[in-house]
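Down below is the structure, laid out as structure tokens.
We use all heavy atoms of the structure for the numbers below, so side chains are in, but hydrogens, waters and symmetry mates are not. To find a chain, count down the sequence lines: A is the first, B the second, and so on, and within it residues start at 1.
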Amino acid sequence: MAQDKALTPRSQDFSRWYNEVVHRAELADHSPVRGSMVIRPWGYGIWENMQRALDDMFKATGHENAYFPLLIPMSFIEREKAHVEGFKPELAVVTHAGGKELEEPLVIRPTSETVIYSMFAKWVQSYRDLPVLMNQWANVMRWEMRTRLFLRTSEFLWQEGHTAHATEAEAREETRRMLEVYRTFMEDWIAMPVVTGLKSEREKFAGAVETWTCEAMMQDGKALQAGTSHHLGQNFARQFDLTFQDEQGTEVHAWNTSWGVSTRLVGGLVMTHGDDKGIVVPPRLAPVQVVVVPIWRKDEQRTALVEKAHQLRSRLQDMGVRVKVDDRDHLSPGAKFWEWERKGVPFRMEVGPRDLESGQVVLVRRVVAEGEDRKAFLPEAEALAALPDLLSAFQSELLQEARRRREERSHRGFDGSIEEMGELLDAQGGGFVYTGWSGDPEVEARVQEKTGATLRCIPDPAFRSPEAPKRCMGGGEATCEVLWARAY
RNA sequence: CGGGGCGUGGCGCAGCUCGGUAGCGCGCCUGCUUUGGGAGCAGGAGGUCCCCGGUUCGAAUCCGGGCGCCCCGACCA
């Protein structure tokens, strides 16, 4: 479990820090199969909280959950041209089963558009059957060349929403609605600010007409695509005969959307808030929001203090706070402090003999705000009463701080050459660069080749610079503003 | 797929150059003492040295072949 006690500092080697912290916070571990991971209870607990929050938001926007199978006939994947081409290299295929070679190979789903729309085709006949608003929580598999825990693994957990609509306008509206749900979730729950916008042709989902994205900035200045929402047009509807009779009785193809976020978000959380002591879990997602650590010197004290700790726990539980008492007695208090800090628990409450006597507790925040004392000595009742507010204040400070960091490394109105952009990214250790663009894919390819940065998105109005850029990166006139960054 | 590194008790590593039958730190178990920032002492358990073959009286060490993993790049949520 413990190698060296301290983690490699982020400033020294960010990706090593990431790997260490994921292991040592007990989020996940490598499985025996290359590129796939075991999500441990602490990591899974965070994911469960994400699921719960997202699921509520999906339900609130009228969606229902369903489940579609893991295996998809190869011919289904092959039906939509762009879709096959996008996924072919990363497919895992089942060729044998029951001791025999299968007549038709089965693909382990890399995503479920094909099966889902083939089923929708059976269920939808009339415009009265629309819209269909469905979501599934599932695992998918994409055979990746290079993998990293949470950020890119061969198998990952996600949610994929799939909808069918009578009109293009409705589908577009749905695409945007769910992008907005994602943005809200990422900001309000993960405390991870994102820039939303449209993907370029080159970067969009294979099979989509348009892909919209949420782009977050990690602490090393690299971008993380945190969630996408696709307007699929009628591409899949055509291939799977997803048609319906409209009000005039005409048989027409439905319009589809799909949208997803994955366990990658856990990696995003780690790289957004972690520090050199470990990860920091935003209170709303923390499986444990407050850990109570009783401290004793003599055995006689132990009983009283452990009892007090459990008393505090049940008081907090009654207030809706997620609490854990750490009364293990083979570890020193210090060891427990380090462990829970590594795991990112927002608050620690210590109770020792001195506190017991004076009716106080010691409250310690995982991340100390500027000008604040590390430890607060508070009367018990006061500490309990204050916790809900402290938790929500902590939550919003995390978002503020992440936003501040992002702005610090965002370069708006950049008007230099492609080479200069590369230099800027080298010097700053990444970052977001906003420039003008003509929409020319050749320019996009050239920038990527020379700087290592990709076109993350054409930002939505809310994220655009006050002044629209006039010049395109790489010459000519700009038709839009774009965001560049090196990315995960 | 290119480049680099590594496979030795649960984890991290040393030993390999110069062959002689395996060691360190952490963790684990037992006991006692401890506990307000990673506890101390004593005792103890635990290893096909990645695999196959070769050289040799003898291989973790040398030679040949294989496999696996990690890191850095090109593709990707």
Side-chain angles (χ1 to χ4, degrees), chain A residues 1-8 13-16 18-20 23-24 26 29-35 85-91 110-111 139-160 182 199 202-206 211 213-216 223-230 258-268 277-278 293-299 301-302 305-306 326-342 348-356 360-362 364 374-375 377 448-449 452 454 486-488:
Chain A
M1 195 159 69
Q3 302 95 354
D4 297 327
K5 286 183 173 171
L7 296 163
T8 299
D13 185 341
F14 192 79
S15 95
R16 189 160 166 196
Y18 178 80
N19 290 329
E20 285 180 8
H23 278 110
R24 297 195 48 208
E26 295 176 10
D29 208 343
H30 291 282
S31 89
V33 176
R34 190 196 88 93
E85 276 163 27
F87 281 111
K88 203 82 190 237
E90 17 186 300
L91 294 180
T111 177
N139 57 340
V140 286
M141 176 159 277
R142 300 179 188 177
W143 211 256
E144 300 290 349
M145 307 217 205
R146 211 181 126 206
T147 59
R148 302 194 63 193
L149 293 175
F150 290 112
L151 301 174
R152 174 160 302 108
T153 47
S154 300
E155 181 188 357
F156 58 90
L157 304 182
W158 79 344
Q159 142 290 302
E160 47 181 323
Y182 287 157
K199 284 286 187 190
R202 183 190 172 92
E203 298 283 335
K204 76 175 188 193
F205 170 70
T211 292
T213 182
C214 296
E215 298 287 324
L224 182 78
Q225 179 175 309
T228 46
S229 183
H230 314 290
S258 70
W259 26 275
V261 297
S262 70
T263 38
R264 171 180 255 198
L265 289 174
V266 177
K277 290 196 288 188
V293 181
I295 297 159
W296 59 85
R297 286 182 173 284
K298 303 172 193 130
D299 272 352
Q301 297 172 322
R302 182 175 186 277
L305 281 155
V306 169
D326 189 348
D327 55 8
R328 293 175 293 179
D329 61 5
H330 63 287
L331 290 180
S332 69
K336 295 175 187 176
F337 299 168
W338 288 105
E339 179 176 330
W340 293 111
E341 282 174 12
R342 205 182 306 126
R348 177 174 76 240
M349 192 180 269
E350 306 169 14
V351 255
R354 291 203 295 273
D355 305 311
L356 197 58
Q360 67 169 20
V361 296
V362 180
V364 186
R374 181 165 166 65
K375 294 193 173 190
F377 299 81
Q448 177 166 356
E449 192 193 327
T454 46
R486 293 181 182 147
Y488 277 96

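Remark: A:Asn139 pairs with A:Arg109, A:Glu155 by the side chain to side chain donor-acceptor pair (under 3.5 Å) rule, at least two apart or across chains. Judged as a salt bridge (charged side-chain N to carboxylate O under 4.0 Å, His left out), and not counting sequence neighbours, A:Arg142 has no contacts. Under the ring-ring contact (aromatic ring centres under 6.0 Å, His included) criterion, A:Phe337 pairs with no residue, sequence neighbours left out. Scored by the ring-ring contact (aromatic ring centres under 6.0 Å, His included) test, A:Trp158 finds A:Phe156 as partners (sequence neighbours excluded). For the side chain to side chain donor-acceptor pair (under 3.5 Å) test, no residue two or more places apart in sequence or in another chain qualifies with A:Ser15. Not counting sequence neighbours, the partners of A:Trp340 by the side chain to side chain donor-acceptor pair (under 3.5 Å) test are A:Asp326. The salt bridge (charged side-chain N to carboxylate O under 4.0 Å, His left out) check on A:Asp29 picks up nothing, with sequence neighbours excluded. Applying the side chain to side chain donor-acceptor pair (under 3.5 Å) test to A:Thr213 and every residue at least two apart in sequence or in another chain returns A:Glu215.
When the P atom is compared between B:G37 and B:G46, the two are found 37 Å apart, to the nearest whole Å. Between the P atoms of B:U55 and B:G64, the separation comes to 15 Å (whole Å). B:A45 and B:G10 have their P atoms separated by 16 Å, given to the nearest Å. For B:C70 and B:C11, the P atoms lie 14 Å apart once the distance is rounded to whole Å. The same atom, C1', is picked in B:A74 and in B:C1; the two are 8 Å apart, to the nearest Å. Taking atom P on both B:C28 and B:C69, the two are 30 Å apart, rounded to the nearest angstrom. Of the C1' atoms belonging to B:U8 and B:A60, the separation is 7 Å, rounded to the nearest Å. Rounded to a whole angstrom, the distance from the P atom of B:G53 to that of B:A59 is 13 Å.
Distance, A:Glu449 CD to B:A74 P: 11 Å, rounded to whole Å. Rounded to an integer number of Å, the gap from CZ of A:Arg374 to C1' of B:G37 is 8 Å. Straight-line distance from the CZ atom of A:Phe156 to the P atom of B:A77: 8 Å, rounded to whole Å. Distance CZ (A:Arg16) to C1' (B:G5): 12 Å, rounded to an integer number of Å. One atom, CG of A:Asp13, and another, C1' of B:C72, lie 11 Å apart when rounded to the nearest Å. Rounded to an integer number of Å, the gap from CD of A:Gln448 to P of B:A74 is 8 Å. Atom C1' of nucleotide B:G73 and atom CZ of A:Arg486 are separated by 12 Å, given to the nearest angstrom. Rounded to an integer number of Å, the gap from A:Trp338 CH2 to B:C26 P is 18 Å.
A donor-acceptor pair under 3.5 Å is absent between the side-chain atoms of A:Tyr182 and the main chain of A:Ala226, judged by distance alone.
Between the side chains of A:Ser258 and A:His230, not a single donor N or O lies within less than 3.5 Å of an accepting N or O. Side chains of A:Arg202 and A:Gln448: a donor on one and an acceptor on the other come within 3.5 Å.
Between A:His23 and A:His30, the ring planes lie tilted relative to each other; the angle falls in the 30° to 60° range.
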Polar pairs (N or O, both sides) under 3.5 Å between protein and nucleotides 31-36 of chain B?
from, atom 1, to, atom 2, distance (Å)
B:U35, OP1, A:Arg297, NH1, 2.7
B:U35, OP2, A:Arg297, O, 3.3
B:U35, O2', A:Trp296, O, 3.0
B:U35, N3, A:Trp296, NE1, 3.2
B:U35, O4, A:Trp296, NE1, 2.9
B:G36, O6, A:Gly352, O, 3.3
B:G36, O6, A:Pro353, N, 3.0
B:G36, O6, A:Arg354, N, 2.8
B:G36, O6, A:Asp355, N, 3.4
B:G36, N1, A:Gly352, N, 3.4
B:G36, N1, A:Asp355, OD2, 2.4
B:G36, N2, A:Glu350, OE1, 3.4
B:G36, N2, A:Asp355, OD2, 3.0

Are there any protein N/O atoms within less than 3.5 Å of an N/O atom in nucleotides 6-8 of chain B, and if so, which ones and at what distance?
none

Pull out every protein N or O sitting under 3.5 Å from an N or O of nucleotides 69-71 of chain B, one pair per line with the distance.
from, atom 1, to, atom 2, distance (Å)
B:C70, OP1, A:His30, ND1, 3.4
B:C71, OP1, A:Asn19, ND2, 3.2

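Helical stems involving RNA chain B, defined as 3 or more consecutive Watson-Crick or G-U pairs under 3.5 Å, span B:1-7 with B:67-73, B:10-13 with B:23-26, B:28-33 with B:39-44, B:50-54 with B:62-66.
Considering only heavy atoms from C-beta on, A:Thr211 stays 4.5 Å or farther from A:Glu203 through its side chain.
The residue A:Thr153 sits close to a base: some heavy atom pair falls under 4.0 Å.
Using a 4.0 Å cut-off between charged side-chain N and carboxylate O, A:Arg348 and A:Glu339 make no salt bridge.
Note that CG of A:Asn19 is 5.0 Å distant from CZ of A:Arg148, once rounded to the nearest 0.5 Å.
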